[in-house]
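For reference, the structure discussed in these notes is given below.
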Amino acid sequence: MNELALAVPWLGKRYPAAARWVVIAIAVAAPLIAVLFGKTWVRILDFAMLYVMLAIGLNLVVGFAGLLDLGYIAFYAVGAYTFAFLASPHFDIHLPFWLVLPAGAACAAVAGIILGLPTLRLRGDYLAIVTLGFGEIVRIFLNNLNHPVNITNGPQGINMIDPLVLFGWDISRPLRIGDEITVNSLFLYYYVFLAFVALSVVLIQRLQVSRVGRAWAAIRDDELAAKAIGINTRNMKLLAFSLGATFGGVSGGLFAAFQGFVSPESFSLMESIAVLTMIVFGGMGNLAGVIVGALALTALPEILRYVAVPVQQAVFDKVILDPEVLRMLLLSLAMIFMMLLRPAGLIPAYSRYSRPELVVAKAAGEDAAK
Amino acid sequence: MSHTPILQLRDVKVAYGAIEAVKGIDLELAAGELVSLIGANGAGKTTTLNAIAGTLGISAGELLYDGKRIEKLPAHKRLRQGLALVPEGRGIFTRLTVEENLRMGAYCRRDSDAIEADLERVFAMLPRVKERLQQVAGTLSGGEQQMVAIGRALLSRPKLLLLDEPSMGLAPLVVEKIFEVIRSVAAEGVTILLVEQNANLALEFSQRAYVMESGKITLTGSGADLLADPKVRAAYLGEV
């Protein structure tokens with residue numbers, strides 16, 4: 001929370017407590033504002049929450065431990081397919097979500113260790129290539145495991161996945177309060193996802209300032225030196241992979257329940273790159289930056305889709321540039337400008353990241369001195 | 001000087017794949033000694049040091065620390081027994097502050113009162129470092145970074161300190177300061193094994209020294225004797 005509050009312009013450094021409430025208020029009110037522009041926007045917000053979870057999970061691996069992972073979406077896939085296997089008519093298993101979601105998280109964590117073990121001695125480019133391969137292998141497996149025994153149902157994917165049922169309450173159905181008000185399930189999903197994101201943020205912040213977080217920072221900056229001060233670098237790297245994967249797995253499970261449908265094409269290399277782009281854009285290693293990056297890069301293409309087409313039609317009477325083309329173009333341009341103007345991202349990780357309270361104290365001190 | 005060796009290498013070989021970088025060396029350090037290992041580029045000095053610290057595995061031979069075999073022990077466990085390495089090229093955590101770097105040295109310790117006391121001791125030894133506690137370590141000068149690296153190693157309370165080329169890339173004046181620090185560390189009773197290319201300085205500072213040449217130890221003796229040795233003077237001190 002601290003980091004997010006600090007990231008609020010102007011207010012953050014002066015009144016961190018007020019800024020914190022602003023962040024909470026925005027998070028809670030977001031879908032109510034979004035719905036004014038149409039229900040689609042609430043749906044986009046739901047997806048944004050899933051991407052935030054993915055981004056903070058990947059940030060743990062790349063930003064904290066410095067392990068460049070280009071196949072992160074594979075863990076999202078593992079979580080989603082685990083959910084699909086255990087809660088759909090596909091195998092006719094319908095376990096409750098509080099069993100299925102942890103199962104997905106656990107499978108993803110194991111997948112993380114499976115990826116981590118053979119890559120322990122790799123760094124940088126080499127690690128990136130192997131993780132990229134891993135992501136593709138998972139996707140290709142999902143695509144082809146429909147014969148001789150049909151496990152994943154191949155490219156058709158698995159549908160009719162059970163929705164989230166929280167202790168008997170099916171949140172995919174509109175909630176009726178009295179006779180007048182019905183709350184669309186998109187809102188309910190949003191708040192459930194928001195709760196998961198909030199929990200993840202708290203967990204990751206605790207992790208970052210823990211011994212484990214410091215060990216990751218050491219490995220990221222200099223692996224040999226990390227060994228030399230007594231860090232078990234092998235275990236710490238495996239832990240980073242598996243914990244990062246866990247967040248991906250949970251996010252994947254929620255995605256499966258939300259969509260009701262999973263297929264291999266949702267887990268392409270481009271998705272891995274999109275998540276990585278979010279954290280680079282937002283500010284690698286900084287939780288607030290990563291969250292803002294994920295929100296911005298989920299919302300931007302959608303805004304484009306709804307703005308670019310009508311604008312072009314109004315100006316040229318026809319659509320010259322397909323929004324999908326525009327999206328890639330603008331995203332690339334945004335990245336180039338970011339690298340030129342703010343190479344450390346929108347909200348850079350501050351050096352004293354392990355003790356945010358120091359930054360607050362220092363900022364307060366500077367203001368007092370003025 | 002006591003006669004129980006704190007560190008013993010017996011016919012130690014280290015290989016990178018098929019290439020043997022250290023071809024069977026014997027080395028011995030008594031507790032409290034300051035010993036240096038000198039030699040030309042590629043002689044295998046850094047490899048030897050990394051093998052002792054456990055960041056590299058050995059392919060043959062025996063490594064004894066405090067009389068116990070340690071060759072199977074991973075690096076992080078060797079540190080817990082008091083064997084600390086200051087890696088070549090300083091190896092500080094560039095994105096952490098100086099203070100965080102130092103505190104990372106005590107990563108394996110739980111005795112927080114003693115850690116604070118040790119921090120004060122390190123500050124007393126390295127006044128320059130104390131002035132820059134809140135600075136990001138990557139922005140320090142080379143000499144300051146080296147001091148931070150040494151200070152960090154000291155915070156693990158080592159019995160044996162392995163120093164890999166502390167003078168590398170530093171101006172002569174700074175090198176002198178670094179060596180003063182090393183001497184004061186030695187005066188506290190820490191055993192030191194120093195790898196150096198700056199043979200002149202290393203030999204002046206050390207009680208004993210080993211000369212390494214293409215993976216083997218070719219000469220050994222007291223620092224003063226080696227300094228006077230014409231072969232050493234010719235090979236390492238630039239005299240013809």
Side-chain angles (χ1 to χ4, degrees), chain A residues 59 62-67 120-121 123 208-239 283-287 289 343-345 348-366, chain B residues 46 49-50 52-57 73-110 133-139 145 148-158 161-164:
Chain A
N59 178 55
V62 184
F64 292 176
L67 305 162
L120 277 171
R121 296 168 72 177
R123 282 193 76 80
Q208 194 182 4
V209 296
S210 70
R211 271 169 67 81
V212 173
R214 281 182 284 141
W216 285 336
I219 291 171
R220 180 196 63 199
D221 277 359
D222 193 316
E223 195 168 338
L224 179 65
K227 269 189 194 167
I229 59 165
I231 291 169
N232 185 336
T233 53
R234 187 197 57 176
N235 287 1
M236 283 301 165
K237 282 163 81 169
L238 285 180
L239 190 65
M284 198 184 286
N286 181 313
L287 215 45
Y350 32 83
S351 56
R352 233 163 294 155
Y353 74 93
S354 60
R355 283 191 294 279
E357 70 275 9
L358 266 184
V359 182
V360 181
K362 190 169 166 256
E366 275 168 10
Chain B
T46 295
L49 220 51
N50 283 335
I52 297 171
T55 51
L56 268 180
L73 229 49
H76 63 273
K77 290 203 174 135
R78 293 189 201 183
L79 180 103
R80 272 160 229 243
Q81 303 199 354
L83 214 161
L85 166 74
V86 178
E88 186 177 18
R90 303 182 265 280
I92 56 160
F93 305 123
T94 49
R95 278 176 275 188
L96 304 188
T97 64
V98 170
E99 186 179 351
E100 283 172 337
N101 262 278
L102 292 174
R103 285 184 186 276
M104 285 300 272
Y107 184 81
C108 295
R109 294 172 58 186
R110 308 257 177 206
L133 280 186
Q134 299 308 319
Q135 202 169 322
V136 180
T139 63
Q145 290 190 7
V148 171
I150 294 175
R152 189 184 60 199
L154 288 179
L155 272 163
S156 70
R157 280 229 172 149
L161 186 62
L162 307 166
L163 288 166
D164 199 351

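In what follows, chains carry the letters A, B, and so on, assigned in the order in which the sequence lines appear, proteins first and then strands, with residues in each chain numbered from 1.
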Show the nearest heavy-atom pair for residues [X] and [Y], with the distance to one decimal.
X        : Y        : result
A:Ala217 : B:Leu96  : CB-CD2, 4.2 Å
B:Tyr107 : A:Ala215 : OH-CB, 3.4 Å
B:Leu79  : A:Ile229 : CD2-O, 3.2 Å
B:Gly91  : A:Ala225 : O-CB, 2.9 Å

Check each atom of [X] against the heavy atoms of chain A and say whether the ones under 4.5 Å are side chain, backbone, both or neither.
X        : result
B:Thr55  : both
B:Leu155 : neither
B:Arg152 : side chain

Euclidean distance, [Y] [atom2] relative to [X] [atom1], rounded to 0.5 Å:
X        : Y        : atom1 : atom2 : answer
A:Arg211 : B:Arg110 : CZ    : CZ    : 4.5 Å
B:Glu88  : A:Leu224 : CD    : CG    : 9.5 Å
A:Arg220 : B:Arg95  : CZ    : CZ    : 4.0 Å
A:Asp221 : B:Met104 : CG    : CE    : 9.0 Å

